[in-house]
Every structure is written in C-alpha cells, then in structure tokens.
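Notes for the one structure printed next.
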Amino acid sequence: MWRLRLLVLAVLAAGSAEAQANSSDGFLEFSVGKFTYFVLSKSSPQEAVLRHISSNVTFLLFQIHSQYQNTTVSFTKTLLPSTSGTGNDRGLVFILRPEQAVCTWYLETGDTKPVQSVALTLSYSERDPIPGGCNLEFDLDIDPNLYLDYNFFETTIKFAPANIGYARATEPPPCDVSTSRESRWRLRYDVYQYFLPEGDLTEASLLHHLQRMAQVAQVKASAIKVATLTADDKTAVSFSSLPGQGVIYNVIVWDPSLNTSAAYVPVHTYACSFESVDGNCAFPGRVSTKVFSTLVALLGLFVCFFGHRFWKTDLFFIGFIFLGFFFYILITRLTPLQYDVRLALTAVAGSFGGLLLVASWWRFGILTLCMLCVGLVLGFLVSSGTFFTPLGNLNVFHDDGVFWVTFSCIALLVPVIFMGCLRILNILACGVVGSYSVVLAVNSYMFTSLSYITLNVLRRALNTDFRGAVIRVPFQTNDYIILAVWGMLAVSGITLQIRRERGQPPFPPHPYKLWKQERERRVTNILDPSHHIPPLRERLYGRVARIKELFQKEQPAGERTPLLL
C-alpha cells in the first residue's frame, strides 16, 4: 500500500510545476522558494544543500513536512536538542555569516518505513522579522516551529515570540530589555487556519495543500485569519478539535514599522492517529456510537413525521434527550468510566427520563409541564445554532457566566414565544429536533460540520478550557448536501403533521381521567357486560386458588364414613 502511495506522489510531483531535487545518493540540492519532493528512509539519511545565496539575504528558513511519520532536520550530523528538530512539520532558521553563499542541513528519519516528504527553503532580508527569534521556552535558540497538541475537546498551537530583523555580522536586538517601538514588542502575529477537503486523508492531498500555507503571500490568499496577537499576548491559540478533518495552521509575524512579514513553519493535524487502534483516522466512529446514534435517529425520524399523532412516543423522545444529556455530563465530569460504559448508562438514564415524562403526563396530565420540556429541547437546538455562528467567537462569551446565562435565555425564549400555540410548538419541535437526530447519526459514519452545532455545547459543558477555543468548522460539499437533507426532512415532517392535524383536537385528553371515567361507567352501568366482571383483586385470588388446586393431592372417590347399623 505504501509503495502505491509513493508512486502516486511521484507522478503528482513530476507533473507539477514545482522543482524536484537534484539528488544523488545521500545528497539533495535545493532552490529558494521551490518545493521539493523526496523519500527519506532510516537506512539512508540525506544531506540538503542550498547554493548561490544572495548577499542581501540575512537568514534562511528550511522546513520539511510529512503526513504522520516523524522526520528530523539538523544543522549538524550529530543530533543535539539545540541544533535539531523532530516531528511531522519541522523547520530551522539559519542566520547567515558575512559572505556565506552555501548552507547545509541534514535530514533523517527513525521510522522503519520510507517517509514521503516535501521540503522548502525560504530566504529573508534584514528588514524581515525573524520567526522564533526570541525563544525562551523551547530547545532551539531560534525556533520557527508551531507546537501542536490536541485532545477530544481542543487543539492548541504554541510558538516562540519573534524578533525584529538585523543585518549579517551584527548582534541581534535584545528581546526583553526594552518595550519601546524599536524592539520586538512592536510585532504583531496573525494566526491562519486552512481546512483540507472533508474526508480526504491522502498523503498527496496534504503535501499539495501545505504548499499554500508556507509563504506569506499564499497564506494570506488561501487561509482564513482567525486571530491577531500582540507582543503582550500569550503566544498560544486554541481551536475546537475536529477528529478526522485535516487542518493546517500557520502564523504570520508582521512588523508594522517596516511593513514586512515572515511566516512560521506551518503545522497540520487530523485530531486523530493513523497508527493507534483507538481513535484511528481511517475508522473515526466507535461501534457503540454508531449503534446508539442510529437507534436514536430511527426514533427521531418517526417523531419527525408522526410525533404529534403518537403523543406518548413524542414525550418519550423528548424525555430521553432531556435527561440523557444532563446525565452524560454528570457522569463524565464525576466518574472515570470508559466511554462505552458512559454511553450505555446514558441510554438507560435517557429511557428512564422518557418513561418518567410519559408517566407524569398519564397520571397528572399537566400539558404546560410537558410542553415546557418540548420547548426547552427545541430552544436548546436554536441556542446552539446561534452560538455556532461567528457570534460564538466574541470575546465576551469566553466568560462561562455570560455564555451560559445568554444560552439559557435564548433557550427559554422559544417556549415563551410559542406558549399561546402549543400544538405548533410541538410540531416544530418534532420536525426540527427529530430530523437533526439523523444529522448526528450521519456524523458517526462520515464527517459533517453540522453535528458540531450541539457537540460544541456539550464540549463546553464537559471541559472548562474549551471556553477559550476558537470555534470554526469547514462548510464544504458534504455539509451542503446534509443541510439540504435536514431542511427537507424538517419541512416535510412539519407540513405533513400540520395538514394531518387540521380539524383535530390540539392534544389528546388526559389519560388518567379517561381511565377513571371508564371505570366509574362500568361500576354504575349494570347493562354493561363489563359490570359483571369481578374486581381485579378477586380475579387474581381466583387464579391463585386454581393454581394451588393443581398441587393438591386428589381425594379418593366413594364413601369415606363407616356404615351405620
């Protein structure tokens, strides 16, 4: 399989306009600004060289990228932490000496399999800022790399502050002596995000799209700027994780005084692993999640079209969602149980919630209470959709108190608005919420951004650090199709139920009252055949007595007393 991937990449690279390395055994020659494809193996490390460096170039940025296998780039053959970097996306800044026209790097990998890689060398002048030039946190003296860490909730990138540019053979400007406009404190950092095509996990696609995120002009033209940091801000940005979706990040450092810019080394992630069994990128959904979401989607699809007619099924569905959501948050935050166990317990708790809501309606018949639950579930989805928009990234909503108060107010607004027309509220909830359960089920089989309408709120409730994450998702062809399906199901279900319920009572009568009236009718109406049926207790006693007779010894027939004389 890996041989086939390498062949495809070789054909792609040969047909492109990018330069290929002039290579011999263990030797690669590069050109400034040209992407070079090559294969690294553990047994044959490579020496990379760049010749004919212009005299107006002050420093070089060399970077190498692979999909998930680690590569190492070093200034020296002997690997040292202060002169080398290892990872999927790594680079080094080389400060040129006076009259230096040739630069050399050493490339290798510790992976047993061959690693398809792409590398690039960029040159900058003395007016350009130096990415990572004021590094105090990582191993390299000058570190232009973005360090990425991810979990289920968020993906975080960190980087070292930059320094202002300087000429060859001069001392670098001090980093923290002064905060004046003549120091690195004037620099600004623009953070960019670029989404790969949805569902595309191929190596060729990644290496191709990385070319759009390496140079300043291409980054600004291709990616979306999601944040701007000053020198006073912490050099770290968090994003919502999107397992199975390829994302590339980069940072452009800008010197406003000289109007010059430089790019850090871009970094990519799929928020999943290509090698581990659990959370593998090729199989994004767990079996338990697929079973759970499919069963809920089937029930939701039924409710979407027939929920108001089958009122108790509708109540069970709403009660399942209502109690199951809060129960999952509770056991996740308070217990260390495995995901599959938590999901099973959530299904049990949700079923209990559904039965409880149905039982409360049957016994007490309080329509307002039931419709409040229905309205809150619909309001939750409306409020989640509101914060799914760019409104959710406003700084004011990074505060948990402001976020949850605003979220709750929007959710409560829905049942308040429709309190005068409860039947319409219930039909809307059936159509919108029931059809959205299908969207969630689709997400367990293939990636769709629409599932994060509610998943982002769940993450916010489960993880306190998620409040500072930038929430952005791709919206591509798959999402447009699923959005159309969601809208079609919702509109069809709402329209069908409104037409069917025209001329019918708004809601069924109170079940307990009907049962009580029927029982009284049977007691008082002697002409009713059911009047002559014994009470339930007597019928049970009669059945028990008949069962006891089966185990009694049979008495002998005939006379049992002596004959009288």
Side-chain angles (χ1 to χ4, degrees), residues 6 9-41 44-67 69-77 79 83-97 99-109 114-125 128 130-132 140 142-145 168 203-204 206-219 250 262-268:
L6 295 184
L9 281 165
V11 172
L12 174 65
S16 70
E18 305 298 339
Q20 297 297 306
N22 298 322
S23 61
S24 58
D25 241 3
F27 182 81
L28 298 170
E29 187 168 347
F30 288 84
S31 300
V32 173
K34 301 296 183 180
F35 289 90
T36 302
Y37 290 89
F38 57 93
V39 178
L40 276 179
S41 61
S44 58
Q46 301 285 338
E47 181 178 342
V49 63
L50 177 68
R51 305 181 189 275
H52 311 299
I53 302 172
S54 175
S55 59
N56 64 349
V57 176
T58 302
F59 68 94
L60 298 170
L61 175 57
F62 180 87
Q63 54 188 269
I64 180 172
H65 304 276
S66 61
Q67 187 176 32
Q69 297 162 282
N70 285 341
T71 58
T72 300
V73 55
S74 175
F75 290 125
T76 59
K77 287 186 177 180
L79 301 183
T83 60
S84 64
T86 301
N88 302 334
D89 307 280
R90 283 295 176 263
L92 297 175
V93 167
F94 194 98
I95 304 297
L96 296 172
R97 300 183 300 273
E99 308 301 328
Q100 184 177 0
V102 178
C103 189
T104 304
W105 297 272
Y106 299 91
L107 313 175
E108 64 177 62
T109 179
V115 181
Q116 177 65 42
S117 307
V118 62
L120 171 70
T121 304
L122 299 174
S123 62
Y124 293 95
S125 69
D128 298 319
I130 304 174
L140 294 171
I142 301 177
D143 196 336
N145 296 291
R168 294 194 192 189
E203 204 169 42
L206 169 67
L207 298 183
H208 171 71
H209 287 281
L210 274 168
Q211 299 178 21
R212 301 182 181 180
M213 290 294 289
Q215 303 182 62
V216 174
Q218 293 176 330
V219 172
N250 206 348
Y264 281 72
V265 177
V267 64
H268 75 278

Taking all non-hydrogen atoms of both residues, which atom of [X] and which atom of [Y] are closest, and how far apart?
X: Ala214; Y: Leu122; result: O-CD1, 3.6 Å
X: Leu40; Y: Ser117; result: CD1-OG, 4.4 Å
X: Leu61; Y: Pro144; result: CD1-CG, 3.5 Å
X: Leu79; Y: Ser74; result: CD2-CB, 3.5 Å
X: Gln116; Y: Val39; result: OE1-CG2, 3.2 Å
X: Leu28; Y: Gln46; result: CG-OE1, 3.7 Å

Would the distance check show the side chain of [X] and the main-chain N or O of [Y] forming a donor-acceptor pair, the cut-off being under 3.5 Å?
X: Ser66; Y: Gln69; answer: yes
X: Asn250; Y: Tyr264; answer: yes
X: Thr71; Y: His65; answer: no
X: Gln100; Y: Val102; answer: yes

Under a 4.5 Å cut-off applied to non-hydrogen side-chain atoms, are [X] and [Y] in contact?
X: Ser125; Y: Asn56; answer: no
X: Ile130; Y: Val93; answer: yes
X: Leu140; Y: Leu92; answer: yes
X: Pro266; Y: Gln63; answer: yes
X: Phe38; Y: Ile64; answer: yes

Between [atom1] of [X] and [atom2] of [Y], what distance do you get to the nearest 0.5 Å?
X: Glu108; Y: Asn70; atom1: CD; atom2: CG; answer: 11.5 Å
X: Arg90; Y: Leu107; atom1: CZ; atom2: CG; answer: 14.5 Å
X: His208; Y: Tyr37; atom1: NE2; atom2: OH; answer: 7.5 Å
X: Leu210; Y: Gln67; atom1: CG; atom2: CD; answer: 10.0 Å

- Query: Of all residues at least two apart in sequence or in a different chain, which pass the salt bridge (charged side-chain N to carboxylate O under 4.0 Å, His left out) check with Arg168?
  - Reply: none
- Message: Students often mix this up, so state it plainly: with edges at 30° and 60°, are the rings of Phe59 and Tyr124 parallel, tilted or perpendicular?
- Response: parallel
- Item | Ring geometry between Phe62 and Trp105 (parallel below 30°, tilted from 30 to 60°, perpendicular above 60°) | parallel
- Query: His268: what forms a side chain to side chain donor-acceptor pair (under 3.5 Å) with it, not counting sequence neighbours?
  - Reply: Asp89
- Item | Set of side chain to side chain contact (heavy atoms under 4.5 Å, CB included) partners for Ser123, sequence neighbours left out | Val32, Val57, Leu60
